[in-house]
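Heads up: the structure comes next, in structure tokens.
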Amino acid sequence: MNGSVSFWWNQIDLPETRPALPGSIQADVCIVGAGYTGLWTAYYLKKAVPELRIVVLEQKFAGYGASGRNGGWLTNSVTGGREQYIKSHGRDSAHRFQTALNETVDEVIRVAAHEGIDADIVKGGEFTVARNDAQYGRLAAYAAGEAEWDNTDVELLTAAQARERINVAGTTGGAWHPHAARIQPAKLAEGLARVVESLGVELYENTHVIEIAPGQAITDRGTVTAGHVVRATEGFTAGLKGLHRAWLPMNSSLVVTEPLSDAVWETIGWDGRQVLGDAAHAYMYAQRTADDRIAIGGRGVPYRYGSQTDNDGQTAQSTIVLLKTLLNTFFPATGSAQIEHAWSGVLGVPRDWAATVGLDPQTGLAWAGGYVGTGVTATNLAGRTLTDLILGNASDIVSLPWVNHRVRNWEPEPLRWLAVKALYTAYGWADSAEQKGRHTTSPLAKMADIVSGR
Ligand SMILES: Cc1cc2nc3c(=O)[nH]c(=O)nc-3n(C[C@H](O)[C@H](O)[C@H](O)COP(=O)(O)OP(=O)(O)OC[C@H]3O[C@@H](n4cnc5c(N)ncnc54)[C@H](O)[C@@H]3O)c2cc1C
């Protein structure tokens, strides 16, 4: 199977279609996009003020975007790294942001349990493997950097310790922290959509928003007029009028194996259900699914010329081959395992690779996104933050350093395409040099980080 939105959706069947917007209507809050960002915002707003009329507009179906297709890492990453916030807002502020994300992992788990959403959640932490010296050097530097903070809980692992947890071929070491859980992404999206609807939020599907303007979301089926309009369109944002060069739609792809036999699992280990990544520049991400498959994602065609987005997850054959090769290299015991499904999705990349959430009180326009590859947790924090911003609550989270952060647009084409192509070529060369024996991080990767603003 190739595309069909995602394996996750196929596993639980695509949901029944909800009605489209019946014509022009009025609401208190209109949310554009029914991914995690839009759904969490609707959830917390409706819980806080049940009498609000909240309308969510979705071009396809709830969970159609990255939220129904991702790698299922519910983890505590600060998109683009904490360093930028240390520089711009100071250490305390950056620390508060990190703590909020750590807590958000538990908040998602709490709400899922409370609302009866079974999303195959297991909190096994995040395990990063190194497969050469340069990668291990980066992990060691990361662990040493973490050790300078209060309550540090990152463990640096020797090759033997790492192999004991997950037996990746060629391991030179690893790192682990506890603030991460594996989830089945579509189950979370489907459950959230069901819950917000049961709370009285109006969710309209197959309704394409053409333009967002102060007080209005203009769709192909009428206009929603509302005091607040929230843009939660992530990788699809470039399709909205006037926003073509805002967040760049970056593709990411995954493949999933058939369920693996007990004999294969005995070789691999992975009993803790940690989410698994590596320390390469063009990194991979993986999980052991609830039904004992490996879903592995990463490299592929990162960007399509002109900010094109999506064809229901259809994935290039070359990407499938790359991911299968990566899987078999990491886990030789999977050599004869069938790949059952491949799919892709788009994520939103701001020019400085830093996610934002914000509200312009003059216009009532709000937004959240630009999470790059780390939005599963941040979308929940964004939803709670938007709720407080819209309701005017002076909570702790509205002063976190990503709130109301502004970023410049991406360059026009062909510069945008050339920049991303050059970036990933540089990362590819750097990874290859490191795998061939270079002991320290390749200067190519450092240069690419500087040029991209990453
Ligand atoms: C393949 C892949 C793997 C990933 N893996 C991970 C991971 O393991 N961990 C992690 O933390 N993050 C991961 N991410 C990122 C994460 O999935 C996203 O950051 C997160 O899901 C973003 O949620 P969202 O609601 O903002 O966006 P989306 O889920 O993309 O939702 C946006 C919604 O808006 C709708 N929409 C867009 N434009 C319009 C319009 N004009 N009119 C109406 N509706 C519109 C879309 O159809 C979509 O449903 C991954 C992303 C991808 C693509």
Side-chain angles (χ1 to χ4, degrees), residues 5-8 20-21 30-42 56-77 79 101 104-105 108 126 180-183 185-186 188-189 192-193 203-212 217-221 224 230-241 243 247 249-255 275-277 283-287 295-298 300 302 309-310 312-313 315 319 342-349 355 357 367-380 382-383:
V5 189
S6 72
F7 165 75
W8 309 122
L21 183 70
C30 174
I31 297 168
V32 181
Y36 299 146
T37 299
L39 295 171
W40 281 124
T41 307
V56 181
L57 302 174
E58 166 56 47
Q59 61 179 353
K60 298 272 176 125
F61 60 86
Y64 171 78
S67 300
R69 309 188 198 190
N70 61 71
W73 283 40
L74 176 69
T75 191
N76 68 344
S77 312
T79 306
L101 283 160
T104 302
V105 170
V108 173
E126 178 177 332
R182 175 209 69 191
I183 67 161
L188 179 60
L192 272 177
L203 179 40
Y204 297 110
E205 297 188 334
N206 291 310
T207 302
H208 181 73
V209 175
I210 301 156
E211 182 180 357
I212 295 176
I218 302 158
T219 85
D220 53 351
R221 295 170 182 274
V224 179
V230 177
R231 169 163 56 82
T233 49
E234 190 59 353
F236 303 88
T237 302
L240 285 165
K241 194 169 170 201
L243 293 169
W247 298 330
M250 183 84 83
N251 295 292
S252 195
S253 306
L254 284 118
V255 296
V275 294
L276 167 70
Y283 56 83
M284 53 69 73
Y285 51 92
Q287 67 153 277
I296 182 166
T309 48
D310 195 46
D312 288 345
T315 300
T319 302
W343 71 100
S344 301
V346 277
L347 31 97
V349 183
V357 52
W367 71 93
Y371 310 105
V372 193
T374 50
V376 173
T377 303
T379 47
N380 175 284

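Note that ligands are numbered from 1 as they come in the structure, with each ligand's atoms numbered from 1 the same way.
Protein heavy atom nearest atom 51 (C) of ligand 1, with residue, atom name and distance: Leu347 CD2, 3.6 Å. In terms of protein heavy atoms, atom 27 (O) of ligand 1 is closest to Glu234 CB, 3.2 Å. Of all protein heavy atoms, the one lying nearest to atom 53 (C) of ligand 1 is Gly345 C, 3.4 Å. Nearest protein heavy-atom neighbour of atom 42 (N) of ligand 1: Val209 N, 2.9 Å. Protein heavy atom in closest approach to atom 31 (O) of ligand 1: Gly35 CA, 3.5 Å. Protein heavy atom at the shortest distance from atom 37 (C) of ligand 1 is Phe236 CB, 3.3 Å. The single protein non-hydrogen atom nearest to atom 1 (C) of ligand 1 is Ser252 O, 3.4 Å, given as residue, atom name and distance. At the shortest separation from atom 50 (C) of ligand 1 among protein heavy atoms lies Asn70 CB, 3.3 Å.
The closest donor-acceptor contact from the side chain of Trp40 to the backbone of Ala382 lies at 3.5 Å or more, if one exists at all. Looking at Thr207, its side chain does come within 3.5 Å of a backbone N or O of Glu205 through a donor-acceptor pair. Under the 3.5 Å distance criterion, the side-chain polar atoms of Thr41 are matched with a main-chain donor or acceptor of Thr37. The main-chain N or O of Asn206 is found under 3.5 Å from a side-chain atom of Arg221 such that the two form a donor-acceptor pair. Here the side chain of Asn380 pairs no donor or acceptor atom with the backbone of Thr104 at under 3.5 angstrom. Between the side chain of Gln287 and the main chain of Trp73, no donor-acceptor pair closer than 3.5 Å is present. In terms of modelled atom types and a separation under 3.5 Å, the side chain of Glu126 and the main chain of Ala180 share no donor-acceptor contact. For the pair Arg69 (side chain) and Tyr64 (backbone), a donor-acceptor distance under 3.5 Å is present. Within the 3.5 Å criterion, the main-chain N or O of Gly313 finds a donor-acceptor partner in the side chain of Thr315. Side chain of Thr377 to main chain of Leu101: no donor-acceptor pair is present (N/O by atom type, distance under 3.5 Å, no hydrogens or angles).
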For the pair Tyr36 and Tyr371, evaluate side-chain contact (heavy atoms from CB on, under 4.5 Å) and give the outcome as yes or no after the intermediate values.
CA-CA 12 Å; Tyr36 299 146; Tyr371 310 105; over 6 Å; no
Quick one, Ser252 with Leu347, criterion side-chain contact (heavy atoms from CB on, under 4.5 Å). Give me CA distance, side-chain angles, the key distance, then yes/no.
CA-CA 7 Å; Ser252 195; Leu347 31 97; 4.0 Å; yes
Derivation of the side-chain contact (heavy atoms from CB on, under 4.5 Å) call for Ile296 and Met284:
CA-CA 7 Å; Ile296 182 166; Met284 53 69 73; 3.8 Å; yes
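For the residue pair Thr219 and Tyr204, no side-chain donor N or O sits within less than 3.5 Å of a side-chain acceptor on the partner.
The shell of residues lying under 4.0 angstrom from ligand 1, judged by heavy atoms, includes Val372. Under a 4.0 angstrom heavy-atom cut-off, Thr379 registers as being in contact with ligand 1. Remark: distances from the non-hydrogen atoms of Asn251 to ligand 1 are all 4.0 Å or more. Ligand 1 is approached by Gly373 to a heavy-atom distance shorter than 4.0 Å.
Checking Ala232, Gly369, Gly33 against atom 32 (C) of ligand 1, the nearest heavy atom belongs to Ala232. Among Gln59, Glu211, Gln287, the residue whose heavy atom sits closest to atom 46 (C) of ligand 1 is Gln59.
Counting heavy atoms closer than 4.0 Å to ligand 1, residue Tyr285 contributes side-chain atoms (C-beta onward) but none from N, CA, C or O.
Numbered from 1 in the order shown, with element, the atoms of ligand 1 that lie under 4.0 Å from a heavy atom of Val346 read 53 (C). Atom numbering of ligand 1 starts at 1 in the shown order; those under 4.0 Å from a heavy atom of Leu240 are 41 (N). Each of the following atoms of ligand 1 lies closer than 4.0 Å to a heavy atom of His208: 41 (N), 42 (N). Ligand-side atoms of ligand 1 in range of Gly72: 8 (O), range being under 4.0 angstrom from any heavy atom. Distances below 4.0 Å separate heavy atoms of Tyr36 from the following atoms of ligand 1: 21 (O), 25 (O). Taking a cut-off of under 4.0 Å to the non-hydrogen atoms of Tyr371, the atoms of ligand 1 that pass are 19 (O), 22 (C), 26 (O). The contact set between ligand 1 and Leu254, taken as ligand atoms under 4.0 Å from a residue heavy atom, comprises 1 (C). Counting atoms of ligand 1 from 1 in the listed order, those under 4.0 Å from a heavy atom of Gly71 are 3 (C), 4 (C), 5 (N), 6 (C), 7 (C), 8 (O).
Any N or O atom pair closer than 3.5 Å counts here, and Gly375 shares at least one such pair with ligand 1. Residue Ala66 has at least one nitrogen or oxygen atom sitting less than 3.5 Å from a nitrogen or oxygen atom of ligand 1, judged on distance alone. For ligand 1, one of its N or O atoms has an N or O atom of Val376 under 3.5 Å away. At under 3.5 Å, a nitrogen or oxygen of Thr37, whether backbone or side chain, sits near a nitrogen or oxygen of ligand 1. At under 3.5 Å, a nitrogen or oxygen of Trp73, whether backbone or side chain, sits near a nitrogen or oxygen of ligand 1. Below 3.5 Å of separation, one finds an N or O of Glu58 facing an N or O of ligand 1. Ligand 1 has an N or O atom lying under 3.5 Å from an N or O atom of Ser67, backbone or side chain.
Counting heavy atoms from C-beta on, the side chains of Arg231 and Val209 never come closer than 4.5 Å. A heavy-atom distance below 4.5 Å is not found between the side chains of Leu243 and Thr233.
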